[in-house]
Amino acid sequence: MSEGYYSSKKTDDICDDVCGQDGGSRAGKAFSRVRCILRGLDFKTYIFIFTIIPIFIFSVYMHGQKLTYFLRPLWESPPKPFQTLPHYYHPNASMETLCTLHGWRHRESPRRVFDAVLFSNEVDMLTIRWKELYPYVTQFVILESNSTFTGLPKPLVFAANREKFDFVEPRLTYGNIGGRFRRGENPFVEEAYQRIALDQLIRLAGIEEDDLLIMSDVDEIPSAHTIDILRWCDGYPPVLHLQLKDYLYSFEYFIDSKSWRASVHRYKPGKTRYAHFRQGDTLLADAGWHCSFCFRRISEFVFKMKAYSHTDRVRFSHYLNPGRIQDVICRGTDLFDMFPEEYTFREIIAKLGPIPRSYSAVHLPSHLIEKAESYKYLLPGNCIREGG
């Protein structure tokens with residue numbers, strides 16, 4: 001080259017003795033490059049790489065699921081709103097008057113009513129439900145499995161406690177189904193499988209066209225007067241969802257009135273299918289109660305947390321610690337340490353923190369009040385659960 005040659009290529013004197021090495025193994029060269037890069041960083045950059053980034057990764061691991069729930073308004077729009085029907089009731093009002101107030105027609109005779117549920121282990125809630133509905137239900141249909149939705153083996157709890165339900169025996173259609181025990185499968189697949197089996201059991205129970213069929217989980221309890229009105233009136237849609245008051249752990253912790261999955265159907269052979277999702281657009285206001293995770297014993301909480309379809313929420317084993325569960329119940333916080341499932345940031349923020357306590361035990365299922373001493377754990381002021 002000529003003496004006047006000039007190169008604009010930058011050089012890094014810091015790394016000349018490291019990066020400029022041509023010899024050595026491939027691993028040695030890679031290590032040398034890393035040394036070269038690190039020697040060029042200042043102290044603040046070291047803090048960022050070895051402190052801030054690991055903390056961020058750990059936080060995502062610990063709270064990533066919570067973050068997705070908090071950011072839900074960004075990626076999921078609220079569902080289409082229901083058309084909500086006003087609900088009229090007074091014990092001294094005649095049925096003809098109540099039908100007229102709803103804009104419906106009074107029937108000459110009531111429809112037959114079938115109440116169908118999938119059962120896991122909620123003996124107390126099933127008792128309260130069936131005592132509430134007993135005067136108006138023609139046939140009680142119940143199916144249980146020896147498998148949870150998550151593929152865990154379970155005893156046939158209803159079969160073992162059947163004598164407690166002697167009062168419905170003449171009107172009872174009971175069935176059990178063997179689980180498939182496919183561990184690792186999406187729990188909603190097993191749930192759908194059991195609901196299809198319940199469809200078949202309902203038909204065996206003798207349901208006919210235009211009979212009423214209640215579709216809801218055991219802990220979603222329609223009020224007695226709601227079912228009585230629906231069996232005596234004509235003019236409402238063939239599929240009617242029920243707005244239930246939503247409670248958590250007991251009737252002390254009232255959340256809101258947004259529970260809507262329970263529904264009543266005028267049965268159509270070949271068309272009506274048992275399901276637990278939205279099947280219509282009409283909602284009857286103030287039609288009952290939904291008491292989620294309302295158990296007598298801590299062991300029942302642990303079982304459900306591991307057994308139900310949302311078992312992915314049990315992210316850490318300490319969530320199942322009995323002491324932690326008892327503390328969560330008495331504080332009215334979330335068992336899974338989750339943000340509220342809402343569709344706007346305003347609603348999420350409004351529900352952050354413990355659920356406010358309710359001191360009202362008015363307008364609750366009748367059997368709960370009649371046997372208050374037996375079910376005091378479900379009433380205000382009694383958050384302590386049995387350990388067994």
Side-chain angles (χ1 to χ4, degrees), residues 115-134 137 140-150 152-168 172-177 179 187 190-191 194-195 197-198 201 214-223 242 244-253 255 259 261-262 274 276 288-311 313-314 320 325 329 335 364-368 371-372 374-379 382-383 385-388:
D115 180 41
V117 293
L118 283 178
F119 183 77
S120 177
N121 67 329
E122 313 97 324
V123 173
D124 283 356
M125 293 307 297
L126 184 65
T127 304
I128 292 170
R129 175 195 184 94
W130 281 359
K131 287 286 187 178
E132 178 73 14
L133 299 178
Y134 180 80
V137 169
F140 294 94
V141 185
I142 184 167
L143 177 74
E144 68 175 333
S145 173
N146 62 349
S147 168
T148 68
F149 294 156
T150 54
L152 299 173
K154 64 173 283 292
L156 297 176
V157 178
F158 181 84
N161 291 272
R162 188 163 179 166
E163 73 282 353
K164 295 180 180 179
F165 300 95
D166 285 344
F167 65 98
V168 301
L172 178 64
T173 299
Y174 167 74
N176 62 68
I177 184 172
E190 177 67 26
E191 181 177 347
Q194 293 187 23
R195 293 191 188 280
L198 182 55
L201 190 63
I214 304 170
M215 299 186 190
S216 68
D217 286 350
V218 170
D219 57 9
E220 297 168 336
I221 306 175
S223 63
L242 305 181
L244 308 181
K245 293 180 178 178
D246 216 351
Y247 296 86
L248 187 64
Y249 310 140
S250 73
F251 292 96
E252 180 171 23
Y253 295 113
I255 303 173
S259 179
R261 292 184 179 274
Y274 195 96
H276 197 238
W289 314 269
H290 178 201
C291 198
S292 185
F293 279 91
C294 292
F295 296 115
R296 183 185 296 271
R297 301 174 184 86
I298 295 294
S299 60
E300 294 171 318
F301 283 85
V302 174
F303 175 80
K304 181 168 182 178
M305 291 171 74
K306 294 190 296 184
Y308 87 138
S309 297
H310 295 287
T311 186
R313 297 178 180 179
V314 185
L320 303 175
I325 292 172
I329 295 168
L335 277 171
L364 296 181
S366 60
H367 185 67
L368 173 62
K371 302 293 182 182
S374 297
Y375 300 111
K376 64 181 180 180
Y377 73 94
L378 292 174
L379 297 171
N382 298 281
C383 69
R385 297 295 189 267
E386 297 176 16

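Model, not experiment: these values are computed from the prediction.
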Check the orientation of Phe295 and Phe293. Use parallel for under 30°, tilted for 30 to 60°, and perpendicular for over 60°. perpendicular
With a 4.5 Å heavy-atom cut-off, do Ser120 and Lys154 have their side chains touching? yes
Closest non-hydrogen atom pair between Leu133 and Pro222, with its separation: CD2-O, 3.4 Å
Nearest heavy-atom contact between Val302 and Ile325 is CG2-CD1, 3.6 Å
Flag side-chain contact, heavy atom, 4.5 Å: Tyr174 against Asn176: yes
State, without any angle test, whether Thr150 and Thr148 hold a side-chain donor-acceptor pair at a distance under 3.5 Å. yes
When every non-hydrogen atom of Val123 is compared with those of Phe165, the smallest separation belongs to O-CZ, 3.9 Å
Any Lys/Arg nitrogen of Asp219 or Arg261 sitting under 4.0 Å from an Asp/Glu carboxylate oxygen of the other? no
Taking the side chain as every heavy atom from C-beta outward, state whether Ile142 and Leu172 have any atom pair closer than 4.5 Å. yes
When rounded to the nearest 0.5 Å, the distance separating OG of Ser292 from CG of Leu244 is 12.0 Å
Is there a donor-acceptor pair closer than 3.5 Å between any side-chain N or O of Glu144 and the backbone N or O of Phe158? yes
Salt-bridge present (Lys304, Glu300; N to O < 4.0 Å): no
Are Phe303 and Leu152 close enough that some pair of their side-chain heavy atoms sits under 4.5 Å apart? no
Side chain to side chain contact (heavy atoms under 4.5 Å, CB included) partner of Asp115, chosen from Val168, Val137, Val141: Val137
